[in-house]
Amino acid sequence: MMINKQKAVGVLALSWAALTSPVLAQQKDYPIQPVAFTSVHVNDNFWQPKMEVNATVTIPYVLAQCKANGRMDNFLRAAKKLDGDKLSEFPFDDTDVYKAIEGASYSMQNKRNPQLDKSIDSLISIIGAAQEPDGYLYTFRTVNAKKPHEWIGSKRWEKEEDLSHELYNAGHLYEAAVAHYQATGKRTLLNIAIKNADLLVKTFGPGKIEEYPGHQIVEIGLSKMYRVTGNKQYLDLAKFFLDVRGPKGDAYNQADKKVVDQHEAEGHAVRAAYMYTGMADIAALTGNTQYLAAIDDIWSDVVTKKLYITGGIGATGAGEAFGEAYQLPNMSAYAETCAAIGNVYWNNRMFLLHGDSKYIDVLERTLYNGLLSGVSLSGNRFFYPNPLASMFQHQRSAWISCACCISNMTRFLPSLPGYVYAKNKNDLYVNLFMSNSSNIKLTSGNVNIVQQTDYPWKGRVDITVNPDKAGEFTLRVRIPGWAKQQPVPGDLYTFMDKKSFPLTLMINGQAKSFETEKGYAVLKRTWKKGDKVSLLLPMETEKVLANPQVKDDRGRFAFERGPIVYCLEGPDNKDSLVQNILIDKNAIADANYHADLLNGVDVISAEGKSAKRQLKTDSILQTDQMVKAIPYYAWANRGPSEMTVWIPYETSAVRPKPAPTIASTSKVSASLKNVRMFAAIKDQYEPANSKDTNYPYLHWWPAKNTNEFVQYDFDAEHTVNESKVYWYDDGPWGGCRIPVSYKILYKKDGQWVPVKNTTPYAISKDSFNVVTFEPVVTTALRMEIQLPVDNSSGIHEWAVK
Ligand SMILES: [Zn+2]
């Protein structure tokens, strides 16, 4: 606890005494303490450039987008500095501004930036002016729009358990305020946060309003506020918000059971990850063992049944939620960027509680794969879901009206150096590998640590230990799970080759045998200046298999080297196709560094085959070809493409290239702007059912009750007499249903003429709807579709004969 106090005081010794609450020695906190990112100066070739792009591109970009998309105006209007009652789209839009301030604060600590400092100051003064006199801060109510947003309720907090997000906004405000205070020593935003938190203390609690937050994060925010101010009321309130949760609410936001009775991950994945993180914080700060028991069970449930190989969590777009055990679809994987960030927060807390490297294994996997994929190499394009397979339908966006993932990435990246080390008295944990120079205070004295490595491309890590004066302490160096045949704790993923590779640890050039404890090499000795530990990790290309219960990964493997998960992407492979590729289980894979590709990556090459459907026979043609794989995080930086993480080794798993049918050789057009959906209707994949989102489909959502069309322009004149269409219908929760009616027209002398059907136009779900008609000779066929009154429609596949 002293460490915490010092951390906060370190940057602000002068104004510490001026804090509103007396600084009481905190009795409890995490047994292991993170080494603050401000003490860790990363200078490697992998993360440092990404943090630089975040500072120079992403942060200014996100601030400008917040302005362009009305978020700054929300505050200006609440502050009565701008007329009118126009608001942006969502009542949680205030949080994007808070998260941008949090990211800017961290980034200013990594590198001074007076101009940014000034613009954040003026932003904070506007936020202060938007705050109501009693501390309430929520622009969507304060602006007092004539037509209030339907989520906010007529009174404060009335819809908090539902969708108002008032406490969600507060939580992000607190995180931003603590970051800004610690970065700059200024109390401006912290004072706003204290005033707001004091209002919450007055409003919520036993005998007051007894409601739980509809979207968790305020628990984490209040814990941070407690640490920085010493005001125990904030901690008590955070605990109250957890204890008041359940059992009468919904699984969607983890309110169907008391939090201590929850033992499996369920519902909205971001809400869940933030809640588990908050539970860890409060368990550490209060010593609550029931919270601990619950999150230990939930963690096991996630890593053994609900974790993507990329570290992503939240399998399904319906409710942005965890799926059932082993439900891990690839093309429709949700794996929201925010959930990956939440997964890192949570696993780091689990490590700080237990001191076991298995949590850092999950953290590292998430960090290098499903989290990093959320932002483009350019720093200004973003993924919300992070799928593990694509057929052109996915692409990063410049902005998303719900911008949570964008601002979350902005704030996460500059805080990354804070995950490299941790300490407990005279134990120093080395968790992540990236070149850096750090100054760390142990009980025995100050130690400067210099890490030099080309990780994640090379497995050698040199750690030079420079204590101020020679002294005994323990270095605990993480031996990653992937280096010892355990990619993820549990049996969800295993390496195909059981061969283990040697792992060497040297001290001052001499190989040493070492004891391991909870996944760490324990090096206890009297360290003197210049002592050098070298860890030689086996950076080998591994083929990963999923547990056979994951049906989407059966007959497939994924390439992995060290912490990096690979994927096949169109631009590196023949005909820009990858879904048709097959690689033998025993194929030998090579890896080579390409400095000029995707900012420098290792590329894996292996002999494979491509599969192709043929006309007039069901047999599938296979042709030899070289296959290349790139790191998953770097995909989708070269335009829309095909991509897959899980590579078929069994023919049954491959998706062959379509046969050259009339449809597949046609040009598609439609009454739709999103051309990336067009190829879906002629890809010759038959979905499992109408609501199968794991194959591409075309849809008109949110259009309703309109007449729409799709059209095939043939490669030449053809005689046709049959159409078969498979409708997309994601009822009862989604917005698409089978259409009211449809008809087929053909082009005759430049005009669209209805065909003369000889069978009825049947419309049903979950199978092809075939209609035959009198043969026509034509160059184009069009399908006109009448959408339902209250819903949209979509098409999985449209074949013609
Ligand atoms: Zn998000």
Side-chain angles (χ1 to χ4, degrees), residues 54 58-59 61-63 65-66 69 71 88-103 151 163 165 167-169 171-173 175-176 213-221 252-254 265 267-278 302 306-308 310-323 332-347 366-367 369-376 379-388 394-415 633 636:
N54 185 73
T58 314
I59 291 173
Y61 177 82
V62 169
L63 285 167
Q65 288 287 334
C66 280
N69 289 281
R71 283 153 177 74
S88 57
E89 196 172 345
F90 294 111
F92 50 73
D93 284 346
D94 294 354
T95 62
D96 292 324
V97 178
Y98 300 148
K99 280 187 269 181
I101 293 175
E102 188 182 341
W151 291 0
L163 282 171
H165 291 82
L167 293 173
Y168 176 74
N169 284 1
H172 277 301
L173 168 67
E175 289 206 82
H215 191 316
Q216 300 89 326
I217 189 91
V218 75
E219 305 82 356
I220 299 174
Y252 169 73
N253 55 6
Q254 300 80 34
H268 188 268
V270 179
R271 284 170 163 85
Y274 288 172
M275 183 173 92
Y276 309 149
T277 304
V302 172
K306 297 173 182 170
L307 182 77
Y308 281 104
T310 54
I313 52 172
T316 163
E320 307 186 317
F322 283 103
S332 65
Y334 206 67
E336 184 178 340
T337 303
C338 284
I341 291 173
N343 204 24
V344 166
Y345 290 158
W346 179 32
N347 276 283
T366 310
L367 183 63
N369 302 292
L371 186 156
L372 191 53
S373 58
V375 62
S376 65
N380 58 3
R381 292 293 181 274
F382 307 90
F383 270 137
Y384 190 117
N386 292 269
L388 282 79
H394 308 97
Q395 188 60 6
R396 291 193 183 81
S397 307
W399 188 249
I400 303 161
S401 63
C402 171
C404 55
C405 296
I406 298 176
S407 52
N408 229 345
M409 182 63 79
T410 309
R411 74 166 175 154
F412 177 78
L413 275 181
S415 73
Y633 74 80

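Atoms within each ligand, like the ligands themselves, are counted from 1 in listed order.
- Every salt bridge (charged side-chain N to carboxylate O under 4.0 Å, His left out) that K306 has, sequence neighbours left out, goes to D301.
- For the Zn ion (ligand 1), protein N/O/S neighbours under 2.8 Å (waters excluded) are E336 OE2, C338 SG, C404 SG, C405 SG.
- At a cut-off of 3.5 Å, with distance as the only test, a side-chain donor of S407 or D96 sits close to an acceptor on the other residue.
- There is a side-chain donor-acceptor pair under 3.5 Å between S88 and D93.
- Two rings, from F92 and H165, have their centers less than 6.0 Å apart.
- Under the 3.5 Å distance criterion, with hydrogens and angles disregarded, a donor-acceptor pair is assigned to the side chains of Y252 and R271.
- Using modelled atom types, one finds a donor on one side chain and an acceptor on the other under 3.5 Å when comparing N386 with T337.
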